[in-house]
Structure formats: C-alpha cells, structure tokens
Amino acid sequence: MSTIKVTGGIITNSPMINGNAPVIINGGTSFDWAKIEEELQKVINQLPTNSDEYYESLSLMDIIRQRDKDRFLRAIKKNAKTFGSNLFCSFASSFLVNALKP
C-alpha cells in the first residue's frame, strides 16, 4: 500500500485516488489541543463565575489539559446544551464553537 502524505489539514474517512486505485483513509478526529485550550480560556475569562457555562467550561478545561479525546467528546455530548447556550456562544470564537459541536 502506498503512503499518502497530507499536510496542512486532516482527512478522515474520505475516498482518494492513488494512481488508478481508490484509497480509503480511516482515522479518528485529531484536535489542536493547544488552540482549543487557548480559546476556551478566553471564554472562561469572560463568563460570569456563577453560571453553568463557567463551571462546565472549567471541567472541560481539565479534560483538555489531559488531552483525553474520549472524555472530551463525552463531556461535549453530555453538556451540549450548556456549550450551545447563547451565553457561551456569545463569548466563544467560531473555532471553539465548531470544535465543541457534538
């Protein structure tokens, strides 16, 4: 099997052509943990400290710092309502909102 090098982006579960043969690339999602951590910290700094969004963001930050993809995805799904709230989204960058979509 040939190796296809992809730079500058991530391709998963996508059909590609390598010469005359189709190639399927399977793999999980890769995260830019440093960027997600940076963006979430900006949101935490702006959220009211007595809000659900603030507390859930702090919990998520702990998971992000551990670079635990499975816990990260479970936390997002479990708290989708919180991370999709108008309050959270009003402070979050589009990068962070997209990264937190379940």
**Request:** Looking only at non-hydrogen atoms, find the nearest pair between Q46 and F91 and report the distance.
**Result:**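 In terms of heavy atoms, the two residues are closest at OE1-CD2, 3.1 Å.
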**Request:** Search all heavy atoms of C89 against all heavy atoms of F83 and return the closest pair with its distance.
**Result:**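 What the structure gives for the nearest pair is SG-O, 3.6 Å.
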**Criterion side-chain contact (heavy atoms from CB on, under 4.5 Å) on F88 and T82, from CA distance to verdict** = CA-CA 7 Å; F88 184 88; T82 299; 5.8 Å; no
Any chance you could measure [X], atom [atom1], to [Y], atom [atom2], to the nearest 0.5 Å?
X   : Y   : atom1 : atom2 : answer
I64 : S59 : CD1   : OG    : 11.0 Å
L47 : L87 : CG    : CG    : 5.5 Å
I63 : R65 : CD1   : CZ    : 12.0 Å
K81 : E53 : NZ    : CD    : 10.0 Å
L60 : L40 : CG    : CG    : 5.5 Å
R67 : I36 : CZ    : CD1   : 8.5 Å

**Asked** So, do Y54 and N50 sit near enough that their side-chain heavy atoms are less than 4.5 Å apart?
**Response**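 No, their side chains stay 4.5 Å or more apart.
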**Item:** Distance-only donor-acceptor check, side chains N45 and Q41, under 3.5 Å
**Value:**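 Yes, because at least one side-chain N or O of N45 sits under 3.5 Å from a partner of the opposite role on Q41.
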